[in-house]
Amino acid sequence: MGLGKGPFQGDVRASAGACYAARVSHAPSLRNQGPPRHALLVRVTHWITVISFLALLVSGVEILISHPRFYWGEVGNSRTPALFKIPIPSSRATVPTGYGYVLPDQNGWSRYLHFEAAWALVLTGLVYVISGLWTRHFRKNLFPAPADRTWRAFRSVIAKHLRLAPPDEADSRSYNVLQRVTYLLVIFVLVPLVIWTGLAMSPGFNAAVPWAVNSLGGRQSARTLHFFVSISLVLFLVLHVAMVVLTGFASRMREMITGLAAAPQERT
Amino acid sequence: MSKISRRQFVTAGLAATAGVSGLAVAANLGRRFGLVPPDSGGIYGPGETLTYAAQRLFTRHSLAREFPRSMISKVPFANDMPPLNDAFKRLQSGAFADWRLSIDGLVARPESYSLADLRGFPVRSQITEVVCEEGWSYVAEWIGTPLSEVLKASGILPQARYLVYFSIDPDWWDSIDLADAQHPQTLLAWAMNDGDLPVAFGGPLRLRLPRQLGYKSIKFVTRVMVTDSVKGFVPALDPKSPNSGYAWYAGI
């Protein structure tokens, strides 16, 4: 379909297919010929990112609970009208939530963990992006092939998903155009945005780089945007895990842990 | 399993040695140049150290944003406070005429000032945002005496590295490094929005640090102590402190 139609894609698949066939004939081992499904650096940075993101998510939720109200502009507090509220109890008695009880304060360790995990995510992300440019990982594996840079290619992949058609063989060796665009969006748009909106809430960073917060419309706008970008990343995580489960959890996990590609009979 | 070749073994060994010695050198340099916060131990230490070191290396002298008068919040917000003690109430009944701020520790000339004395120093007014770690904020005009002026008058000794500051509430104290203590926007604030500083906002005297979160801006300040070590004065590590478990450096 979309992926295999172009002549260029056909060539790639033929050569990849030969290598693929050679690989299945041997029992999987570390001495296996051919490149791994995912490079070692991709696998390591992937799992550090997973741990960091989960830590950021848990600690972020804890921090949010201490003031589950959002505002727009520079300032906002319990005495100013909220843009919207999350209908949950708070860990602070001063927040008018409508609930008659106050949750325990978990902000101390949550804040420590949030910023440590943010460092881990940022440093891992830098290693990933720099090495990805160096090894042409983005160009080879993530930027859509020229034949796929059309709405038709997009539509055909989406239609395939809606029909719940099983993935074809190429999908286990390479990403389709929808996956590529989604990964690029996460790597180059959502993660940079979540870092930017997060940094825009740091009083020390703001002092040094005031335009980082002013350009977002103020500190409370940055906080609100940080929340929505985080929600987008959580949606990506849910979809990503759902697709991993649907296309074969064990094979996908093995590919991302050991790098070894799944044998074809395992993918049905 | 493939066997690891001798060359790979030697390379890995050299890389590990270089990495470990690199870390040791970094830790040493960090301590020498004041880039390691007092709560650098424990599992959150690496993240905290990276944050503090980055801020000290790149933003030591930057100024917090100041806002136009039109952005002063109509309804500022203050969190609930612990009940004020008898010492405070006694001073309050005398309109704080007997409120004193003492400066001691590693200074050439320890001093004690009344609020009127403090008003005799050069006055600084700044419209800055109070940012609570919970997420809310407000903008107010803060008027007061720059802490740096008071420290200059007492003469900080060369071995000084930190400043510990105390509220009239005996459990409430905190500490900062000299970069923040001598920062031009660090204020001993005695007025807010053209009036005396209200008690709810820390009156009669609050140490305002606009480059850090609100919990570092301690209310009802009576004493500052210059020291070479904050051992015993790190709220993050002290179970008795209301800021126990909260990062010592709150500039993030």
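Note on naming: letters A, B, ... go to the chains in the order of the sequence lines (proteins, then strands), and numbering restarts at 1 for each one.
- Pairing each heavy atom of Gly45(B) with each of Glu116(A), the nearest pair is N-OE2, 4.0 Å.
- By the neighbour-count criterion of 12 heavy atoms within 6.0 Å, atom CZ of Phe249(A) is sparsely surrounded, having that number or fewer from other residues, nucleotides or ligands.
- For Ala250(B), the part sitting under 4.5 Å from any heavy atom of chain A is the backbone (N, CA, C, O) and nothing else.
- Only the backbone of Leu63(B) comes within less than 4.5 Å of a heavy atom in chain A; its side chain stays farther off.
- Rounded to the nearest 0.5 Å, atoms CG (Asn77(A)) and OG (Ser73(B)) are 6.5 Å apart.
- With respect to chain B, the highest number of heavy-atom pairs below 4.5 Å among His67(A), Arg69(A), Arg223(A), Glu74(A) belongs to Glu74(A).
- Between the side chains of Asn206(A) and Arg211(B), no donor-acceptor pair of N or O atoms lies under 3.5 Å.
- In this model, a donor atom of one side chain and an acceptor atom of the other lie less than 3.5 Å apart for Gln220(A) and Ser137(B).
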Candidate pair Asn79(B) and Arg92(A), rule side chain to side chain donor-acceptor pair (under 3.5 Å), full reasoning: CA-CA 9 Å; Asn79(B) 259 346; Arg92(A) 296 295 190 279; over 6 Å; no

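- Glu134(B) and Asn107(A) share no donor-acceptor pair across their side chains, judged by distance under 3.5 Å alone.
- Inspection of the Trp119(A) and Thr51(B) side chains reveals an N or O donor paired with an N or O acceptor under 3.5 Å.
- Looking at Arg79(A), the atoms closer than 4.5 Å to chain B (heavy atoms on both sides) sit in the backbone and in the side chain alike.
- For chain A, the nearby parts of Glu133(B) are the backbone and the side chain; heavy atoms of each come within less than 4.5 Å.
- Of the atoms belonging to Leu123(A), it is side-chain heavy atoms, and not backbone ones, that fall under 4.5 Å from chain B.
- Atoms OG1 and CH2, from Thr80(A) and Trp136(B) in turn, are 11.0 Å apart once rounded to the nearest 0.5 Å.
- Looking at Phe115(A) and Ile252(B), their side chains come closer than 4.5 Å, going by heavy atoms from C-beta outward.
- In this structure, CD1 in Ile43(B) is found 7.5 Å from CG in Leu113(A), a value given to the nearest 0.5 Å.
- Of the listed residues (Gly73(A), Ser202(A), Ser78(A)), the one with the most heavy-atom contacts under 4.5 Å to chain B is Ser202(A).
- Here the closest non-hydrogen pair linking Pro203(A) and Pro210(B) is CB-O, 4.1 Å.
- Shown here for Ala236(B) and Tyr112(A), the closest heavy-atom pair between the two residues is CB-OH, 3.4 Å.
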